[in-house]
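Reading through the structure tokens given below for one structure.
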2 protein chains.
Amino acid sequence: MPQQEHTCMIRGDGGRTLRAILDRICNKWTLLVVATLDQGTLRFGDLHEQVPGISQRMLTLTLRNLERDGLVARTVHAEVPPRVEYALTPEGKSLIPPALALAGWAIEHVPQIEASRAAYEDRAG
Amino acid sequence: MPQQEHTCMIRGDGGRTLRAILDRICNKWTLLVVATLDQGTLRFGDLHEQVPGISQRMLTLTLRNLERDGLVARTVHAEVPPRVEYALTPEGKSLIPPALALAGWAIEHVPQIEASRAAYEDRAG
DNA sequence: CCGAATCCCGGCAGATACTG
DNA sequence: CAGTATCTGCCGGGATTCGG
């Protein structure tokens, strides 16, 4: 069965479903945070260390959105000093395989894309 | 083998590879245009019709980027009126399967995500 | 028919400083 | 430790107009 018969999944509703997910996971940090949480439960500080370059602000916002969408569970422990733990929900875990598919494609094709882009820049300035 | 042993693909270089691809395909229109071109060669006007809501400007920019990255081939026919055709390169076609994986996930999980988000809005305002 | 050029706006994201 | 507050710049993207 030819591939294009499947792409109706993407184009289906004028791209609304695709857009809905893209809007959620295609920002700068979301996928990286999800992948990091695939290790298991982590504290805010751990995440801040393990996701290189993320600011406190963006980590907070990213986690809030993930929690809101039911992809990450947030647990506050009533202690001093405070301890807050984050973990993927089953829903969140289910995002990993398609993310890996994309990452696999990236690893395989990005070098050639970079080359193509470099060549284009040369021609056009 | 547990999943998290694979997520190093995503986290690998601090997310640089992932970011490289995300920066390219995760804008508002790219994936939609690629999916539309999976049908085969199309003219600018065809694309403009078949991708609902895209402006001429964004279609032009999206196609230029895809051409630059070697995912789409652009063919200009020396005629009047001018005719310009766009088609996926093999490189571009190879993006379809991972895109479908993501779309499949979206179709399966977006309803639940919407529900979770709606519930969250209710609680928090 | 196929674009390029210009103007404009909202929202993302960084830096920094402060709080329970 | 785990956030919030505020200020700021940047850029994606829409509308519109003009050119070959």
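Just so we're on the same page: letters track the sequence lines, and every chain starts at 1. Computed from heavy atoms alone, side chains included, the values below leave out hydrogens, waters and symmetry copies. The structure presented is a predicted model; accordingly, all values stated were derived computationally and were not measured.
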**Asked** From C:dC1, D:dA2, C:dG3, pick the nucleotide closest to the side chain of B:Gln56?
**Response**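 Selected nucleotide: C:dG3.
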**Complete:** Of the listed D:dC1, D:dG3, C:dC1, the closest approach to the B:Pro82 side chain comes from C:dC1
Euclidean distance, atom [atom1] of residue [X] to atom [atom2] of [N] [Å, nearest integer]:
{"X": "B:Glu67", "N": "C:dC2", "atom1": "CD", "atom2": "P", "result": "15 Å"}
{"X": "B:Leu59", "N": "D:dG12", "atom1": "CG", "atom2": "P", "result": "17 Å"}
{"X": "B:Arg43", "N": "C:dG3", "atom1": "CZ", "atom2": "P", "result": "10 Å"}
{"X": "B:Phe44", "N": "D:dG20", "atom1": "CZ", "atom2": "C1'", "result": "15 Å"}
{"X": "A:Arg83", "N": "C:dG20", "atom1": "CZ", "atom2": "C1'", "result": "18 Å"}
{"X": "B:Leu63", "N": "C:dC2", "atom1": "CG", "atom2": "P", "result": "11 Å"}
{"X": "B:Asn65", "N": "D:dC11", "atom1": "CG", "atom2": "P", "result": "14 Å"}
{"X": "A:Leu47", "N": "D:dA2", "atom1": "CG", "atom2": "C1'", "result": "12 Å"}

**Asked** Going by an N to O cut-off under 4.0 Å, is there a salt bridge joining A:Glu49 and A:Arg43?
**Response** no
Atom pairs and distances, donor-acceptor, side-chain atoms in residues 93-106 of chain A, under 3.5 Å, two or more places apart:
from: A:Ser94; atom 1: OG; to: A:Glu91; atom 2: O; distance (Å): 2.6
from: A:Ser94; atom 1: OG; to: B:Trp105; atom 2: NE1; distance (Å): 2.9
from: A:Ser94; atom 1: OG; to: B:His109; atom 2: NE2; distance (Å): 3.1
from: A:Trp105; atom 1: NE1; to: A:His109; atom 2: ND1; distance (Å): 3.4
from: A:Trp105; atom 1: NE1; to: B:Ser94; atom 2: O; distance (Å): 3.0
from: A:Trp105; atom 1: NE1; to: B:Ser94; atom 2: OG; distance (Å): 2.9

**Asked** Of all residues at least two apart in sequence or in a different chain, which pass the salt bridge (charged side-chain N to carboxylate O under 4.0 Å, His left out) check with B:Asp38?
**Response** none
**Prompt:** Could you give all pairs that pass the salt bridge (charged side-chain N to carboxylate O under 4.0 Å, His left out) test and reach residues 71-90 of chain B, with sequence neighbours left out?
**Reply:**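 Pairs touching residues 71-90 of chain B that pass the test: B:Glu79-B:Arg83, B:Arg83-B:Glu85.
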**Pairs involving residues 11-82 of chain A, ordered by first then second residue, that meet disulfide bond (SG atoms under 2.5 Å apart) (sequence neighbours left out)** =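 Pairs touching residues 11-82 of chain A that pass the test: A:Cys26-B:Cys26.
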**Request:** Could you list all the disulfide bond (SG atoms under 2.5 Å apart) pairs where at least one residue sits in residues 45-117 of chain A, not counting sequence neighbours?
**Result:** none
**Prompt:** Which letters describe nucleotides 5-14 of chain C, given B = protein heavy atom under 4.0 Å from base, S = only from sugar-phosphate, - = neither?
**Reply:** -B------BB
